[in-house]
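A short write-up of the structure that comes next.
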Amino acid sequence: MVSNQDVAAVFAAMADILSILGEDMHRIMAYRRAAENIAALGRPLDELWRAGELETIPGVGKTLAAKTDELLRTGRLEAYEKLKSQVPEGVVAMLRVPDVGPRKAALFWKELGITSVDELEAAAQAGKLRGLPGMGVRSEEKVLAGIQALKRRSGRMLLDTASELAQALLAPLRDVPGVVQVAAAGSLRRMRETVGDLDLLVATEDAGPVMACFCALPQVEEVLLSGPTKTSVRTRDGVQVDLRALPPARWGTALQYFTGSQAHNIRLRALAQERGLSLSEYALKREDGTEILCASEEEVYGALGLPPIPPELREDRGEIEAALAGALPALVELTDLWGDLQFHTTASDGRGSLREMAEAARAAGLKYALVTDHSHGLGIARGLSPEGLRRQRAEIDQVNCALGPAFRLLAGVEVEVRADGSLDLPDECLAELDVVVAAVHSSLQQSREQATARALAALRHPHVDVLAHPTGRLIGRREGADLDMEAVLRAAAENDKAVEVNSYPARLDLNDGHVRRAVELGVRLAIDSDAHGVEGFRLLRFGVATARRGWATPADVLNSRSVDEVLAWAKK
DNA sequence: GCCGTTTTCGGCCCGACTGTTTTCAGTCG
């Protein structure tokens with residue numbers, strides 16, 4: 001079967017080849033935009049295809065719809081095969097080298113017959129690049145450095161890692177004299193599930209000292225480039241960090257620009273043009289050259305006739321159209337969460353006692369939390385038997401007595417869904433619990449049919465209330481189950497079951513695209529910390545961010561409701 | 001290749017930094 005990712009990859013690859021062939025850059029951009037929007041689609045492409053709605057995807061017109069049709073029907077695309085035959089694969093691979101773009105890749109290929117990154121490295125080492133037009137010794141050195149960087153490039157960071165690194169780098173900058181404000185922007189501020197580079201922003205009238213301080217930070221291994229307002233470095237961990245400094249009066253346009261995404265900015269700047277304005281990180285400029293300075297992002301969007309668009313939505317996935325129509329969702333916020341529906345204790349694989357975890361949940365501002373230790377079937381997590389669950393119930397009652405009425409522990413379990421879809425706890429045991437969370441942790445290599453049937457069986461089980469981390473993915477470590485997510489979400493909606501948005505940074509499962517589809521289908525979401533220690537409740541902000549990226553409002557979220565409402569719903 | 005309350009053709013965001021250049025092209029975000 002041809003997946004969304006397959007189609008997106010083909011269009012992205014076509015864009016790369018077209019760029020080396022020197023095609024019109026706007027045509028190339030069109031391929032890239034379509035690829036991105038298809039990759040981010042929360043629903044299967046072949047569904048839109050069957051409904052004849054391919055052209056409803058932003059950036060997909062008649063031509064690309066026809067190409068998508070050909071791919072879905074035949075599994076291949078004639079135009080792509082033709083392009084591939086014109087440019088060697090290794091030449092396209094050279095685009096991955098920092099500071100090597102389409103023009104230089106084409107130059108190395110055409111002038112020196114270089115058709116791979118390895119050959120490029122050898123040519124640079126032999127001093128063969130410096131004689132090419134537009135190249136010199138410095139450029140040759142940059143190519144070599146770029147290849148080294150490519151070889152030891154660390155993958156994208158998880159959100160908590162990126163967040164901690166950003167705070168560690170920003171703290172000393174905040175103390176530089178003259179600095180008014182600092183912020184992490186870029187994909188971290190948009191809360192994309194992983195972060196490649198960090199983008200830091202500083203408001204100051206005097207950028208010099210900030211740049212100097214930044215370059216001298218202990219985490220910095222190499223300064224990649226440095227100008228009066230912009231510096232890029234690579235840290236010892238191999239992370240590229242870009243720092244930009246602008247005057248406080250321009251903070252709004254600067255933060256807007258540096259938050260991105262690039263696709264969102266391009267759309268916004270085009271919108272500005274339609275209104276006779278030019279938008280940059282410095283200001284909105286009228287046609288007569290006068291500037292409108294914006295100290296806040298609200299002013300930027302306001303000047304364009306738009307309500308402020310939350311950073312999590314800024315991906316050019318319909319947010320600008322929604323803003324224009326006054327139809328932006330009022331996104332769920334961390335403070336909307338009254339409870340948490342998954343955490344663990346020392347009774348299974350957690351590190352905190354029931355009492356410690358309850359106090360931590362209360363300290364995190366929650367009014368209730370569901371204890372969900374693993375069931376005994378999950379051997380590695382020392383799960384609970386029916387007997388163990390009964391004993392835990394007594395302990396829960398004790399803690400509730402001790403903590404008083406302002407906070408309440410609920411009795412639950414994270415029951416294992418076996419490979420055949422059955423649960424590893426008997427019905428009478430599940431019936432005694434307040435809320436039952438079901439999840440898959442093993443046999444993740446099942447076929448799509450088996451994996452989907454397994455999830456559907458769990459959702460149809462009368463005692464199951466929440467399906468936790470449906471795909472079971474661990475970002476960067478393992479792919480999740482191959483699920484027909486559309487079928488899973490529809491089953492959740494039909495059976496009035498909740499589906500989890502797991503806040504653990506390596507999970508974020510459902511992901512943003514699936515959340516968006518779940519919201520469209522009216523599926524209840526449970527944003528859970530999955531805390532395994534007292535500090536774990538802090539992770540909820542990442543789950544909330546993922547839900548926000550999927551356009552979820554408080555009404556879509558089960559645990560934004562009171563404990564009585566949740567219990568009544570689970571009883572039904 | 002997409003797209004349209006000024007357009008079905010002619011536009012398509014805007015600027016920093018670098019290196020190789022005498023005014024700019026390439027890359028990046």
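Naming convention: chains lettered A, B, ... in sequence-line order (proteins, then strands); numbering from 1 in each chain.
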Length of the CG-C1' vector between A/Leu107 and B/dG26, whole Å: 11 Å
Over 12 non-hydrogen atoms of neighbours within 6.0 angstrom of CZ in A/Arg103: no
Span that lies between the C1' atom of B/dG10 and that of B/dG15, in whole angstrom: 24 Å
Side-chain donor-acceptor contact under 3.5 Å, A/Thr253 with A/Gln256: no
Among A/Met157, A/Arg156, A/Glu315, side-chain contact (heavy atoms from CB on, under 4.5 Å) partner for A/Ser187: A/Arg156
Distance, P atom - from B/dG11 to B/dA16, rounded to whole angstrom: 26 Å
d(CG, A/Leu324; P, B/dT5) in whole Å: 11 Å
Non-hydrogen atoms of A/Ala184 and A/Leu170 that approach each other most closely: N-CD1, 3.7 Å
Inter-nucleotide P distance (B/dC2, B/dT6), Å rounded: 23 Å
side-chain N/O A/Thr63 vs B/dC2 OP1/OP2, d < 4.0 Å: yes
A/Glu287 and A/Arg275 ion-paired at < 4.0 Å: no
Nearest-angstrom distance from the residue atom CE of A/Met135 to C1' of B/dT27: 13 Å
C1' spacing across the pair B/dT8 / B/dC3, given as an integer number of angstrom: 9 Å
Basic-acidic side-chain contact under 4.0 Å: A/Glu486, A/Arg517: yes
Distance between P atoms of B/dT27 and B/dT20 (Å, rounded): 13 Å
Between C1' of B/dC3 and CG of A/Asn37, the distance in whole Å: 14 Å
Assigned partner base of B/dT8, Watson-Crick or wobble definition, under 3.5 Å: none
P-based separation of B/dT21 from B/dC17 [nearest Å]: 22 Å
A/Asp242, nearest nucleotide to its side chain (from B/dG1, B/dG29, B/dT27): B/dG29
Atom pair distance, as rounded to whole Å: NZ in A/Lys62 and P in B/dC3: 11 Å
B/dT18 versus B/dT7 - spacing of their P atoms, nearest Å: 44 Å
Between B/dC28 and B/dC13 - C1' atom distance, rounded Å: 14 Å
Spacing of A/Ile57 atom CD1 relative to B/dC3 atom C1', expressed in whole Å: 16 Å
Interatomic distance, A/Glu55 CD vs B/dG4 C1' [rounded to whole Å]: 15 Å
B/S/- contact track for nucleotides 8-17 of chain B, protein heavy atom under 4.0 Å: ----BBBSSS
A/Ser261 and A/Arg192: side chain donor to acceptor below 3.5 Å: no
d(CD1, A/Ile28; P, B/dG26) in whole Å: 13 Å
Atom CZ of A/Arg73 with >12 non-hydrogen neighbours under 6.0 angstrom: yes
Touch class at under 4.0 angstrom, heavy-atom based, for A/Pro133 against every strand present: nothing
